[in-house]
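Throughout, protein chains are lettered first and strands after them, A, B, ... in sequence-line order, and every chain is numbered starting at 1. Just the heavy atoms: all of them, side chains too, but no hydrogens, waters or symmetry mates, feed the values below.
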Amino acid sequence: MRNLAPKYNHQEVEAGKNKFWYDQDAFKADPTSKKPAYTIVIPPPNVTGKLHLGHAWDTSLQDIIIRMKRMQGYDALWLPGMDHAGIATQAKVDARLKEQGISRYDIGREKFLEKSWEWKEEYAGVIRQQWDKLGLSLDYSRERFTLDEGLSEAVRKVFVGLYEKGLIYRGERIINWDPAARTALSDIEVIHKEIEGAFYHFKYQIEGSNDFLEVATTRPETMFGDVAIAVHPDDERYTHLIGKNVIIPGNGVAIPIIADDYVEMDFGTGVVKITPAHDPNDFEVGNRHNLSRPVVMNLDGTMNEGAGKYNGLDRFVARKQLVADLQAAGLVVKIDKHVHSVGHSERTDVVVEPYLSTQWFVKMEELAKRSVENQATENKVNFIPERFENTFLRWMENVHDWCISRQLWWGHQIPAWYHKTTGEMHVGMEAPADLENWTQDEDVLDTWFSSALWPFSTLGWPDSGDADFEKYFPTDTLVTGYDIIFFWVSRMIFQSLEFTEKVPFNNVLIHGLVRDADGRKMSKSLGNGVDPMDVIEKYGADALRYFLTTNSAPGQDLRYIEEKVESTWNFINKIWNASRFVIMNLDGMTVEDVDLTGRSLSVADAWILGRLNETIRGINRNTESFEFGEVGRHLYNFIWDDFCSWYIEMAKLPMQSEDEAAKTFTRMVLATVLEAIVKLLHPFMPFVTEEIYQMISSSDKALAVAAWPEANPGFDNPKAVTDFSLLMDIIRSVRNIRAEVDAPNSKQIRIFINAKNDEVLDNLTANQAYLERFCNPSELRIEKGLTLSEEAMTAVVTGADILLPIEGLVNVEAEIARLSAELKKLSAEVKRGESKLANEKFTAKAPAHLVEEERAKLEDYKEKFATVESKLKQLSK
RNA sequence: GGAGAAUUAGCUCAGCGGGAGAGCACUUCCUUGACGUGGAAGGGGUCGGCGGUUCGAACCCGUCAUUCUUCACCA
């Protein structure tokens with residue numbers, strides 16, 4: 001055992017702790033153990049780069065839960081892993097190649113994948129290092145990656161399974177096309193933004209007449225794909241025109257006027273151009289009327305030969321030129337400014353093009369229905385906070401089919417093969433035997449398709465009888481942000497129900513986003529991001545973790561405010577120094593030597609142990625409901641106020657005495673409380689608590705695997721609480737008066753205490769030593785029936801009056817003012833209590849114990865009031 | 001247009017049916033041997049407005065206001 005430095009040094013404390021834990025296999029789960037399982041799978045970070053503060057928050061919460069469960073005797077498994085993140089990673093590798101002046105098409109698919117794996121290895125290393133820095137208790141022996149063989153097998157199994165059930169199909173639909181990434185996207189990868197665009201009104205001339213129909217559109221360049229003009233069947237303005245043709249102004253092509261319910265008569269001119277290949281609604285209309293579906297754009301967002309002279313131009317350039325040309329031709333009625341919502345790619349931020357294309361889809365109706373229905377059963381997923389369950393349900397009820405094919409290379413290639421000559425399709429776990437006659441589908445699956453399987457694919461599924469899967473699935477709690485409920489949480493739920501017949505996790509704890517000090521989202525473009533590693537460097541992982549996990553309520557966003565991390569550091573420094581005091585006084589005693597059974601404790605000992613009980617109970621209660629902010633508050637108050645400000649100060653008395661027995665008792669209490677503190681704090685601050693624990697324990701075992709503290713009913717002691725509270729009240733009153741008369745604590749004063757009854761007298765007499773130490777009197781008198789003296793300053797506490805005779809010091813005017821203020825407060829209290837008790841409804845309906853408390857309080861206030869009043873009378877004479 | 005969240009001390013936020021809390025900031029005092037990254041004592045809030053339920057409301061319900069999220073195929 002060594003002495004601690006007077007200043008907490010987070011870098012020194014945190015160094016080497018991970019190795020200490022790993023050497024003991026502290027975080028390794030064991031399916032053969034008899035302990036009940038508690039499982040968390042990490043939301044796999046993308047291998048695109050470094051972790052940000054949001055990850056730090058998310059993983060800290062999980063670490064808190066898993067460390068608590070581990071200490072509480074569970075076989076705790078926290079499974080780490082990472083996500084290949086198709087589009088995002090491919091974009092990164094593309095960018096890296098571009099720096100070398102290479103395009104992925106130059107090197108081909110195979111070589112590109114090699115480069116991608118290199119990238120993955122590199123960033124996986126970075127991420128593991130960051131996890132270590134954060135102090136996460138992950139079981140690395142079970143680390144997984146979404147492109148691992150086992151997980152890929154799960155992906156194929158699910159794909160083939162859904163296909164065989166008819167829940168996956170391939171078809172030509174309007175999808176969201178990202179012309180920059182040149183891939184299809186799912187609906188939720190499209191971000192709608194309000195954009196000020198224009199509403200272009202064009203003249204579509206009626207064939208064989210000089211009349212025209214006015215057609216409005218926000219995307220003029222798609223007119224080359226128009227195959228009809230639609231009006232509402234009941235719209236009397238146009239019924240006579242149905243069946244006639246109009247001329248597309250851009251190219252002079254004639255198209256029919258059709259009637260369809262889809263058109264709203266009241267909107268715009270009541271005439272809609274129908275472009276089936278470039279608009280989802282038009283696609284439906286086209287299907288109903290058997291219309292053709294010409295595509296007029298290339299995959300990169302330029303116009304194709306269908307656009308005539310605009311062939312090869314970028315869609316927006318083409319739009320501009322087309323409008324100018326039509327204006328010159330007198331075919332534009334007007335151009336209105338128009339604010340409308342435009343879809344942008346989540347990844348590339350370019351405007352997404354609704355585009356006709358052959359893709360793979362997951363049919364959502366049945367899957368969604370099953371998930372929704374399951375939430376009405378006992379087997380439901382428990383959302384915390386609850387309101388997110390509605391978010392989930394509402395989305396599930398309105399979900400469209402999920403486009404899962406992506407025109408990328410980095411990902412799970414779709415297990416479908418096409419026969420080179422017959423065109424026949426084969427979907428299966430394995431390639432067809434005569435592979436040379438087949439070509440595999442070039443596309444890969446949406447990254448979220450594999451992420452959706454994460455809770456079971458990582459645990460060995462679909463291997464039947466896998467020990468991990470048997471023991472650890474369903475997992476217990478998933479922790480993630482509200483921003484990926486749709487992307488991930490919902491998909492895990494329906495895939496899990498479909499393939500394992502179970503929910504993937506019993507609880508899902510949803511947290512918010514980390515924002516900057518001004519409440520803005522952290523983003524690269526704003527440059528307001530904070531690197532968690534920088535914070536750890538400056539304040540330590542313990543401070544960062546505690547800040548992140550105790551400074552918001554569940555589901556709320558969190559602002560990153562450096563001063564708060566700093567104040568957390570101060571808190572740790574406080575803990576450090578309290579520990580320093582304890583260790584210096586233990587004189588070689590360790591927590592294993594403590595035996596408090598049968599000891600007679602001082603009032604301070606009894607009080608702090610009682611407070612410890614309350615703290616443990618409070619923590620356990622709030623932990624159940626994942627209210628870590630409240631847990632933090634229990635810890636903070638207990639440690640800083642009760643333990644440091646009061647108990648340690650009290651403990652100095654016996655520790656500085658010659659009474660060896662008293663010293664031993666005090667050491668034991670100090671050790672008991674400190675041990676409990678580091679245990680309770682450990683999930684939040686694993687590093688510093690491990691450091692301290694190793695200094696007060698003779699065992700080599702890590703605190704990380706020590707047993708969680710339990711409240712000891714033998715330490716519940718209401719009388720000690722009352723007695724000690726009186727001492728605290730007296731001490732505070734004396735300090736207060738000293739401050740009033742500007743008498744520094746070192747200055748000795750006389751203190752007379754008038755005990756109101758024998759019980760108080762006994763208590764105070766027995767604990768005189770504390771009063772002497774804290775109040776530093778030149779004379780201390782504790783008596784029953786002391787009378788008020790004019791020369792003394794007066795304070796009243798429950799059960800006693802305090803008189804401080806300060807010769808020549810008392811400014812009568814000031815004292816009258818002080819006591820008058822006090823009297824006013826007391827009078828208000830008396831009034832409040834009286835009116836409450838005068839209310840018969842209150843006394844009749846409120847719980848009896850509350851009425852009783854109210855009565856007792858009223859008596860107490862009345863007594864105090866009388867004392868102060870009579871003192872005031874004396875002074876005013 | 002639908003749904004949700006927020007509105008509490010100067011700032012950032014807890015609390016969510018029985019007498020308003022924390023951190024930072026502010027005032028005064030303190031170089032006492034765990035800690036001046038500290039200690040002691042303070043000041044500061046009609047808990048957004050208005051109704052309602054209740055013996056009792058910051059907390060539950062309704063409504064309005066402001067701010068912020070989300071979802072949605074209105075051409």
Side-chain angles (χ1 to χ4, degrees), chain A residues 4 6-8 174 187-188 192 199-200 215-219 222 230 262-264 266-275 279-284 338 340-341 343 354 385 387-388 390-391 394-395 398 400 482-483 485-486 512-513 517 519 521 547 550-553 555-561 563-564 566-585 627 629-630 632-633 636-637 640 644-645 648-649 652 656 731-732 735-740 742-746 776 829 832-833 836 839-847 849-851 853-854 857:
Chain A
L4 278 68
K7 182 179 158 178
Y8 160 57
I174 299 284
D187 292 348
I188 49 177
H192 290 93
F199 213 14
Y200 303 89
V215 179
T217 179
T218 52
R219 295 189 295 148
T222 62
Y262 155 69
V263 181
E264 281 181 45
D266 302 335
F267 188 83
T269 56
V271 184
V272 184
K273 67 198 241 344
I274 302 299
T275 321
D279 183 281
N281 293 309
D282 294 4
F283 180 77
E284 295 301 326
H338 183 58
H340 60 144
S341 108
R387 62 187 149 88
F388 289 110
N390 286 329
T391 310
R394 196 149 299 127
W395 187 75
N398 297 307
H400 298 297
Y482 58 68
D483 52 327
I485 292 177
F486 303 149
L513 264 38
K521 263 191 194 177
F547 160 74
T550 64
N551 272 284
S552 80
Q556 294 307 123
D557 288 351
L558 170 67
R559 291 193 197 196
Y560 176 80
I561 296 171
E563 290 73 45
K564 289 201 179 187
E566 197 179 332
S567 86
T568 302
W569 188 97
N570 292 347
F571 177 40
I572 302 177
N573 188 54
K574 185 77 179 177
I575 296 163
W576 181 261
N577 274 288
S579 306
R580 196 162 87 98
F581 172 83
V582 173
I583 291 165
M584 279 174 4
N585 282 286
E627 292 160 328
E630 290 304 297
R633 239 147 271 134
Y636 192 95
N637 293 337
W640 204 307
C644 293
S645 295
I648 285 186
E649 293 307 319
K652 286 174 184 172
Q656 286 161 12
I731 290 162
R732 272 192 282 251
R735 283 169 173 172
N736 180 300
I737 293 178
R738 278 180 183 281
E740 290 285 333
D742 200 19
N745 214 41
S746 54
N776 191 31
E829 295 292 354
R832 198 191 62 84
K836 202 161 188 179
N839 184 347
E840 283 174 27
K841 287 176 176 170
F842 172 73
T843 50
K845 294 195 177 182
H849 75 275
L850 282 173
V851 179
E853 272 173 35
E854 207 57 51
K857 272 191 283 184

Report summary line: Closest of rA75(B), rG23(B), rA40(B) to the Lys564(A) side chain is rG23(B)
Report task. Ignoring hydrogens and angles, state whether a donor on the side chain of Lys273(A) or Thr222(A) is under 3.5 Å from an acceptor on the partner side chain. Result -> yes
Query - Proximal nucleotide (of rA34(B), rC24(B), rG18(B)) relative to the Leu850(A) side chain - result: rG18(B)
Requested in this report: Report the nucleotide, chosen from rA41(B), rA34(B), rG4(B), that has the shortest atom-to-atom distance to any side-chain atom of Lys574(A).
Outcome: rA34(B)
Requested in this report: Taking only the side-chain heavy atoms of Thr217(A) (C-beta and beyond), determine which of rA75(B), rG18(B), rA6(B) contains the nearest atom.
Outcome: rA75(B)
Query raised in the report: Arg387(A) has a side chain; which of rC55(B), rA75(B), rA5(B) sits nearest to it?
Result: rA5(B)
Query raised in the report: Between rA14(B) and Asn551(A), is there an OP1 or OP2 to side-chain N/O distance shorter than 4.0 Å?
Result: no
Query raised in the report: Checking all strands, does Phe486(A) fall into the base, sugar-phosphate, or nothing category for heavy-atom contacts under 4.0 angstrom?
Result: sugar-phosphate
**Report entry** Selected nucleotide, minimal atom distance to Trp640(A) side chain, candidates rA14(B), rG39(B), rC13(B)
**Finding:** rG39(B)
Query raised in the report: Does Lys564(A) count as lying over the ring of Phe547(A), i.e. NZ or CZ under 6.0 Å from the six-ring centre, within 45 degrees of the axis?
Result: no
Requested in this report: Give the rounded distance in Å between these two atoms: CG of Asn736(A) and P of rA41(B).
Outcome: 8 Å
Query - Whole-Å gap separating P (rC35(B)) and CZ (Arg580(A)) - result: 5 Å
**Report entry** Candidate nucleotides rC35(B), rA14(B), rU69(B), ranked by approach to the side chain of Glu649(A) - the nearest
**Finding:** rC35(B)
